Every structure is written in structure tokens, then in C-alpha cells.
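Worksheet: the structure to be examined is printed underneath.
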2 protein chains.
Amino acid sequence: MKDTQDISRLLRERGARVTPARLRVLALLRSAERGLSHHDIEKALDDGTPVDRVTLYRVLDWLVEQGLAHKVADEQRVFRFSAASTGGEPHQAHAHFVCDDCGKVFCLEDTPRAAPRLPAGFASTQVEFEVHGHCAACNVPVEARR
Amino acid sequence: MKDTQDISRLLRERGARVTPARLRVLALLRSAERGLSHHDIEKALDDGTPVDRVTLYRVLDWLVEQGLAHKVADEQRVFRFSAASTGGEPHQAHAHFVCDDCGKVFCLEDTPRAAPRLPAGFASTQVEFEVHGHCAACNVPVEARR
DNA sequence: TTGTATTTGCAATTGGGTTGCAATAGCAAC
DNA sequence: GTTGCTATTGCAACCCAATTGCAAATACAA
Ligand SMILES: [Mn+2]
Ligand SMILES: [Mn+2]
Ligand SMILES: [Zn+2]
Ligand SMILES: [Zn+2]
């Protein structure tokens, strides 16, 4: 499969081992049109060899650590994961849009960043500019919703 | 106390009973300069008669239900509560600093906001400018840490 | 006061997420 | 292809914020 090759390369580029769990999870995230919870992913992968609960948590956190996925706590305080759009370029460089309906995260490439002024003694490691709202797919007229 | 009168009236307007828990919690939220977790509030109220854990959860949810407070899941997926704005500056109007060590949130009053440009069909309900890092209390020299 | 619906306190439970550790399996070097 | 090393996985136990069920207490209207 073409996408599998693509993903394998991404993983190897990071000096990491290419494992079925990583391949399947990242492929799934890339094909999903909304942020997926751990439960969503477990369910989606339970045909074929099931992935262990804990392994899945660890794979997801590893993907986030590597810049290949985004992790957001939704309104019900459940983590939702989505594939990073640019294949792992630094996401500190741009802003993000989080859809509060479907949980999907979109990269906003051209949003200007403001340089924050911090109180004495504070040190910033990461600046996050997050816009919340409803994405195009979820932002339908009220009368058309069910 | 002036504020207590004020809050009592708010509660009665909603046809609800005025109880010590509701008075104390809402007064605390109104005086807080950041979103407070259940744990924060429990701690803040433990001088005087302590409020039961579950009662506190129920009072907080009731305040949210009544539109008197806001409830958001933070990055560590813990709910944080804040008083609904009553004419003062809302928290959306400025940036926030989140300490990745202690989880506290600080308001950065004078950070300029950039207006984000969104793709077609997207609608923003809330813009969050969040700076992550180490606060003054946690930002001690590496060699002094344990 | 008294009656009663609302609110509270306590114990038990849920559920998403994490940790410790032994077993497994990528993959680089032979 | 075999071997060896170490990253990764699987399992059981655990954590902890939050919720639920139910009986006891209490705000407040009558
Ligand atoms: Mn991004
Ligand atoms: Mn604020
Ligand atoms: Zn959406
Ligand atoms: Zn701190």
C-alpha cells in the first residue's frame, strides 16, 4: 500500500522502529475526518489483530511527541487525537483551530504570532495559539441540524 | 458583606435556595483571577466549615447550568471553573500562561491579540492564546531541582 | 411552627489514563 | 540466516477526577 510506505518512511526518519501498531494507528488518524478518542481508535482497529489498550495509549503519546499527531482534551475531558497535517514539521510555528463539535485540529499556516511579554521569573517553552469554534463541516445552519 | 447580598439576590432570582455552599463558591470564583479546579476550590474553602467533595461538584455544575459560571477542561483534562463575566473583562480578551509544572494559569493582561484568519465556512467562538512554560515558582535552576 | 421539596453528606462506583515489569520482536551486525 | 541488543509490547495493578444512589438535613413557603 502506498500510504504504508509513506508512513514507514516517516517513522524511520525518526530513528524509530516500524511496528504494526504505529503503522495502523497513524494510517487511521490520517484517514479520519475528525479527532478520534482512544476508544474510537481501539474500536476501529479491533478487526484484525487487536491493539492492546496500553500500547495504544503509548503509541498515541509517541506520535504526539514526534509531532505526527495532535492531542486535545475535548469538552467531556476525553483526549482526542488527529494527524498533524504537514507530516511532522514543528507545530509551534503556526496557530491551530480546534473544532468543538468534531474535535478535529486544523493547522492555520498564515496566522501571525504575537511575541508575549512574561512576568519576571517566567520562562516559556511553547507558545500555543488555539482558536476554538466550529469547522466548515460542522458549521451548518441551525435549522438543518439534528 | 456587600458581595454576599449581591450573590444572594442572583441565586433568588433563579428561584433557588440560598445555601452557604453556593454563596461561598460563587464569591470565591468571582474573586479568583484564574480558572479554579475542584481541588483548588476545596482547598480554598477548607478554613471554616469544609464543603463536601460531592456537594462542591454539584454546586459547580449548578452554577454552570444557571449561566453563573464557565466550565472548561484544561490541558491536563481537569475541569476549571470561573465566574461568568458580569461586565468586567472576560478571560477571552487576554492571553494566558500555563505552567507545565504546576498547572496553574496566569492572565497576561497586556499581550496583544492577533486576529486569526479562518478558512471559509469556519466560525470561531473562542480564541485562546496560551503560552506554556515554567512559572516563577517552578522555574528554579536545574541543579537545585529534585 | 410545620410540611415538604430541595439540597447535602457519605459510600460506592465509573472510566479514562498511567505505571511497573517481564516477555516479545525490530533491526543492525555478523 | 542467525545472533544480540534494546525498543516496544502486553498484562495486571493502580491512580484519581468525576458521577451516582440514597438517606439525612435544611431552606423557606405556608
Ligand atoms: Mn499544526
Ligand atoms: Mn484570564
Ligand atoms: Zn468539526
Ligand atoms: Zn508553576
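Keep in mind that this is a model prediction, so the values were computed, not measured. Order of the sequence lines sets the chain letters (A, B, ...), proteins ahead of strands, with each chain counted from 1.
The phosphate of dT18(C) has neither OP1 nor OP2 within less than 4.0 Å of any side-chain N or O from Tyr57(A). Arg17(B) has no side-chain polar atom (N or O) that falls below the 4.0 Å cut-off from OP1 or OP2 of dT26(D). The phosphate of dT8(D) (OP1 or OP2) has no side-chain N or O of Thr19(A) nearer than 4.0 angstrom.
Nearest-nucleotide positions on DNA chain D for Arg77(B) and Pro50(A) put Pro50(A) closer to the 5' end. The nearest heavy atom of DNA chain D to Ala16(B) and to His38(B) marks one nucleotide each, and the one closer to the 5' end goes with His38(B). Comparing Trp62(B) and Lys71(A) by the nucleotide of DNA chain C whose heavy atom lies nearest to each, the residue mapping closer to the 5' end is Trp62(B).
In this structure, of dT9(D), dA27(D), dA18(D), it is dA27(D) that holds the atom nearest to the side chain of Pro20(B). Of all nucleotides listed (dG10(D), dC27(C), dT19(D)), dC27(C) comes nearest to the side chain of Arg12(A).
The distance between atom CZ of Arg80(A) and atom P of dG16(C), rounded to the nearest whole Å, is 11 Å. Gln76(B) places its CD atom 14 Å from the P atom of dG17(C), with the value rounded to the nearest Å. Leu60(B) places its CG atom 9 Å from the P atom of dA18(D), with the value rounded to the nearest Å. Distance CG (Leu23(B)) to P (dT8(C)): 10 Å, rounded to an integer number of Å. Atom CG of Asp74(A) is separated from atom P of dG17(C) by 9 Å (rounded to the nearest Å). Between Asp52(A) atom CG and dT8(D) atom P there is a gap of 16 Å when expressed in whole angstrom units. Going from atom CG of Leu63(A) over to atom P of dT9(D) covers 10 Å, rounded to whole Å. Straight-line distance from the CG atom of Leu56(A) to the P atom of dC11(D): 14 Å, rounded to whole Å.
No side-chain heavy atom of Val59(B) sits under 4.5 Å from any side-chain heavy atom of Phe81(B).
Note on Val51(A): nothing from the nucleic acid sits closer than 4.0 angstrom, heavy atoms only. Base engagement by Val54(B) is indicated by at least one non-hydrogen atom pair under 4.0 Å involving a base atom. Using a 4.0 Å heavy-atom cutoff across all strands shown, Arg58(B) reaches at least one base atom of the nucleic acid. Using a 4.0 Å heavy-atom cutoff across all strands shown, Asp61(A) reaches sugar-phosphate atoms only and no base atom.
Heavy-atom minimum distance, Arg117(B) versus Leu108(A): O-CD2, 4.4 Å. Closest non-hydrogen pair, Leu118(B) versus Ala123(B), comes out as CD1-C, 4.3 Å.
Geometric assessment of Lys71(B) against the ring of Phe79(B) yields a positive cation-pi assignment under the 6.0 Å and 45° thresholds.
For Arg80(B) and Asp40(B), the salt-bridge test passes: some basic side-chain N is under 4.0 Å from an acidic carboxylate O. A salt bridge links Arg9(A) with Asp6(A): at least one charged nitrogen is closer than 4.0 Å to a carboxylate oxygen.
Looking at Arg53(A), its side chain comes within 3.5 Å of the base of dT18(C) through a donor and an acceptor atom.
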